[in-house]
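Side chains included, hydrogens not; waters and symmetry mates left out as well; all remaining heavy atoms used. Owing to the predicted nature of the structure, the values given are computational and were not obtained by experimental measurement.
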Amino acid sequence: MTSETHLPATFDPKHFLKTAASSPGIYQMFGAKGEVLYVGKARNLQKRLASYFRKTGLTPKTASLVSQIQHVEVIVTHTENEALILESNLIKKFKPRYNILLRDDKGYPYIILTHHKDFPRLEFYRGLKKTGYRYFGPYPSSIAVRQTLNILQKLFKIRNCTDTFFNNRTRPCLQYQIKRCTAPCVQLIDIAGYQENVRHAILFLEGKNQTIIDDSVKKMEQASQQHDFEKAAHYRDQITYLRQVQQQQAVATKGGEADVFAVAMEHGMACVQILTIHAGRVLGSKAYFPVINEHSNESEILAAFLPQYYFNDEAGRRIPGQIVASHAIEDEAWIKQTLIEQAKHKVTFTNRPLGDRARWLQMTLNNAQNTLKIRLADRTTVGQRLQALRAILKLEKNPQRIECFDISHSHGEATVASCVVFDEQGPQKKEYRRFNITGITANDDYAAIHQALSRRFNPAKMVEGKTPDILIIDGGKGQLKQAEKVFAELGITGITLLSIAKGTTRKPGLETVYLSGQSITLDLASDSLALHLLQQIRDEAHRFAITGHRQQRAKTRHQSVLQQIPGVGAKRRRELLQQFGGLQELKRSSVEELTKIPGISKALAERIYEALKNI
């Protein structure tokens, strides 16, 4: 590659463009203090740079950049892909103001299996690969590695101590006492037994959980037949835990390797969430918050993010065979070809996936949106939201205690009312209460609200200091009138009473807020801090009510639902319960997990899933 530098006393774009090469390469734009303002790549440097200096049609971001340029340096490369990689390295080095920046330089962590002949250990590792170790990963974050190691210790009790510590033990350590190790250091397990545990740990890391479960089912049956019920219980618990892990991963697939990228944007901030899939297993997820410009869009962010993410020698990130993205990517063909050259294997891109990939993408996008909301919420204290609500309601001071009520039931069955409490510190979960509603007509939400509030504000049970400044009812005018009726019956005054109802589309930001004693509704903008607080409190009351309702409903249903499912006989019921370690874990299973059981078709799995979902 060759370098061309242009340093006239006063920058002259016309003169500069006449001398610029029409080859592929990168360009660096410098400001008055010699700082790098922007680094870009181009297939044709002359054409790309000319686009910056036209008189019209520039975006506000580009116009601001051009107004500060004092000189430009160009590096001509042999190939377009070389330009893409060089651009990534220079952005990392200079961190230009006008580039989208990925602020993470750490390498991927791994799990390694040491080379001890008889009793190898599993441990966290980050850095250059060494010979003599078996590597599993890479994982997207150190948290993902430590979570996996924690699972492995619970399931297979592989030691994690150093060889020096191991060789000098005369009695078991604390890890053995808390059932995280089998104490091979003092021969409480033989080599064959330990190696079997290591084999299962490797299968787990390779995503072959079903093989382990099948082995454990056989051993559980053998132990039961030999009346070794303690060992049978051990294998049952192992099966149960493996099923839980599979469900937490939320992915059931025959295999595959992919990185899934989703971008969420709000209020000038972006979150890029990455889900890492290896051998059909979710290794973990990680969020990045790149520095963006106010006019950036999702496609532009991904185009800037991917090269910085993959073309980072220090990070040592692998390039998977599949890249799934939430949006189309600018310069996709260029980035793809460069990735293929770097990885030396086929790489596919898609932003309209089907099947498992669509599920991965939706999960990643949900996480990106949720993570961004949390990040934004950190910038706004509860006190600021309370102050905004105080102004809207025209209160003399910030409310010290807010309570919210919601009703949950299934067609009138197991009706439960929830009461959640917020103060200046946020939710106060120790103060939450539930009311099991009885003696009312099914589906009568008005009667349920009346009963719950009558019980909550019963004068004989009122505790000093527990009276709210604001009472919120999840519902519309009818629910609000019931609250007004209870307050009138009990002679309660001094509490601001309001209700919040979802709009016709039920989308956040379109709620209607009714204030007791006013004929008109409160007009709150979708970005109002006061509305955000009301939404947060309402959603928490809704969550707490649904949880209580499901618990109450489950208590009223005693007959085994498995007996009512066509196609599930005694033998199949027994196999299902064995494979999942009991009814509770079976209830948590997905359709995909059920179809892995021999003899369970997809249609039958869907019937079982639907039946279990409603108990």
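One finds the CD1 atom of Ile191 at 3.5 Å from the CG atom of Asp118 (value rounded to the nearest 0.5 Å). Separation of atoms CZ (Arg573) and CG (Leu586) is listed at 12.0 Å; rounding is to 0.5 Å. For the atom pair OG1 (Thr350) and CD1 (Ile329), the distance works out to 9.5 Å, reported to the nearest 0.5 Å. Within the model, atoms CZ of Arg121 and SG of Cys161 stand 7.5 Å from one another, a figure rounded to the nearest 0.5 Å. Note: Leu149 CG to Lys154 NZ = 12.5 Å, rounded to the nearest 0.5 Å. Annotation: the span from Phe422 atom CZ to Ile537 atom CD1 amounts to 5.0 Å, rounded to 0.5 Å.
Side-chain contact check for Ile158 versus Leu152: every heavy-atom pair is 4.5 Å or farther apart. Side-chain contact check for Asn443 versus His409: some heavy-atom pair is nearer than 4.5 Å. The shortest distance between side-chain heavy atoms of Glu511 and Leu531 falls below 4.5 Å. A heavy-atom distance below 4.5 Å is not found between the side chains of Val198 and Phe156. Between Lys602 and Leu594, every side-chain heavy-atom pair lies at or beyond the 4.5 Å cut-off. Using a 4.5 Å cut-off on side-chain heavy atoms (C-beta onward), Met265 and Ile301 make contact. For the pair Val416/Phe435, no side-chain contact is recorded, criterion being any heavy-atom separation below 4.5 Å from C-beta on. With contacts defined as side-chain heavy-atom distances shorter than 4.5 Å, the pair Ile335/Phe349 qualifies.
Of the possible donor and acceptor atoms, one in the side chain of His345 sits under 3.5 Å from a partner among the backbone N and O of Ile319. The main-chain N or O of Pro120 is found under 3.5 Å from a side-chain atom of Tyr194 such that the two form a donor-acceptor pair. A donor-acceptor pair is defined here as one N or O able to donate and one able to accept, closer than 3.5 Å; such a pair exists between the side chain of Arg607 and the backbone of Pro566. In this structure a side-chain-to-backbone donor-acceptor pair under 3.5 Å is present from Ser454 to His450. In this structure a side-chain-to-backbone donor-acceptor pair under 3.5 Å is present from Ser590 to Glu593. In terms of modelled atom types and a separation under 3.5 Å, the side chain of Thr364 and the main chain of Gln273 share no donor-acceptor contact.
Contact between Val217 and Gln578 at its shortest, heavy atoms only, is CG2-O, 4.2 Å. The two atoms that bring Ile323 and Pro320 nearest to each other are CG1-CG, 4.3 Å, heavy atoms only. Heavy atoms only, all atoms of each residue included: Ala501 and Tyr514 are closest at CB-CE1, 4.1 Å. Counting all heavy atoms, side chain and backbone alike, Ala325 lies closest to Leu302 at CB-CD1, 4.1 Å. Considering all non-hydrogen atoms of both residues, Ala287 and Cys271 come closest at CB-SG, 3.9 Å. Among all heavy-atom pairs drawn from Ala328 and Asn351, the shortest one is N-ND2, 3.5 Å.
With ring centers used as reference points, Tyr125 lies 6.0 Å or more from Tyr110. In this structure, the ring of Phe544 has its center no less than 6.0 angstrom from the ring center of His542.
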For this session: Let me see the working for Gln175 and Arg159 under side-chain hydrogen bond (donor to acceptor under 3.5 Å, both in side chains), right down to the final yes or no.
Result: CA-CA 8 Å; Gln175 290 294 97; Arg159 74 179 181 95; over 6 Å; no
For this session: Begin from the C-alpha positions of Leu155 and Asn197 and carry the test side-chain contact (heavy atoms from CB on, under 4.5 Å) through to its verdict.
Result: CA-CA 9 Å; Leu155 281 171; Asn197 288 344; over 6 Å; no
For this session: Show your reasoning for whether side-chain hydrogen bond (donor to acceptor under 3.5 Å, both in side chains) applies to Thr415 and His549.
Result: CA-CA 6 Å; Thr415 303; His549 159 65; over 6 Å; no
Problem set entry | Residues Phe405, Ile472; criterion side-chain contact (heavy atoms from CB on, under 4.5 Å); working and verdict | CA-CA 6 Å; Phe405 279 74; Ile472 303 168; over 6 Å; no
Exercise. Yes or no on side-chain contact (heavy atoms from CB on, under 4.5 Å) for Leu576 and Gln579, after CA distance, side-chain angles and deciding distance?
Worked result: CA-CA 5 Å; Leu576 284 167; Gln579 284 283 336; 6.0 Å; no
For this session: Run the numbers on Asn366 and Gln362 for side-chain hydrogen bond (donor to acceptor under 3.5 Å, both in side chains), then give the verdict.
Result: CA-CA 6 Å; Asn366 290 343; Gln362 187 59 53; 2.8 Å; yes
For this session: Assess whether side-chain contact (heavy atoms from CB on, under 4.5 Å) is satisfied between Ile112 and Leu122, documenting all intermediate values.
Result: CA-CA 6 Å; Ile112 60 171; Leu122 289 167; over 6 Å; no
Problem set entry | From CA spacing to verdict: side-chain hydrogen bond (donor to acceptor under 3.5 Å, both in side chains), Asn297, His327 | CA-CA 10 Å; Asn297 58 48; His327 298 79; over 6 Å; no
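Using a 4.0 Å cut-off between a side-chain N of Lys or Arg and a carboxylate O of Asp or Glu, Glu540 and Arg543 qualify as a salt bridge. A salt bridge is absent between Arg572 and Glu575: the closest approach of a Lys/Arg side-chain nitrogen to an acidic carboxylate oxygen does not fall below 4.0 angstrom. Using a 4.0 Å cut-off between a side-chain N of Lys or Arg and a carboxylate O of Asp or Glu, Arg236 and Glu221 do not qualify as a salt bridge.
Take Gln451 and apply the side-chain hydrogen bond (donor to acceptor under 3.5 Å, both in side chains) test, not counting sequence neighbours, and it matches Arg455.
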If you look only at distance, which donor and acceptor atoms sit under 3.5 Å apart when one is on a side chain in residues 176-184 and the other is two or more places apart or in another chain?
from: Arg180; atom 1: NH1; to: Asn150; atom 2: OD1; distance (Å): 2.8
from: Arg180; atom 1: NH2; to: Asn150; atom 2: OD1; distance (Å): 3.4

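In Arg433, the CZ atom is crowded: over 12 heavy atoms of neighbouring residues, nucleotides or ligands sit closer than 6.0 Å. Atom NZ of Lys219 is surrounded by more than 12 heavy atoms from other residues, nucleotides or ligands within 6.0 Å.
Each of Tyr309, Tyr310, Trp360 was checked for a side-chain hydrogen bond (donor to acceptor under 3.5 Å, both in side chains) with Asp259, and the lone residue meeting it is Tyr310.
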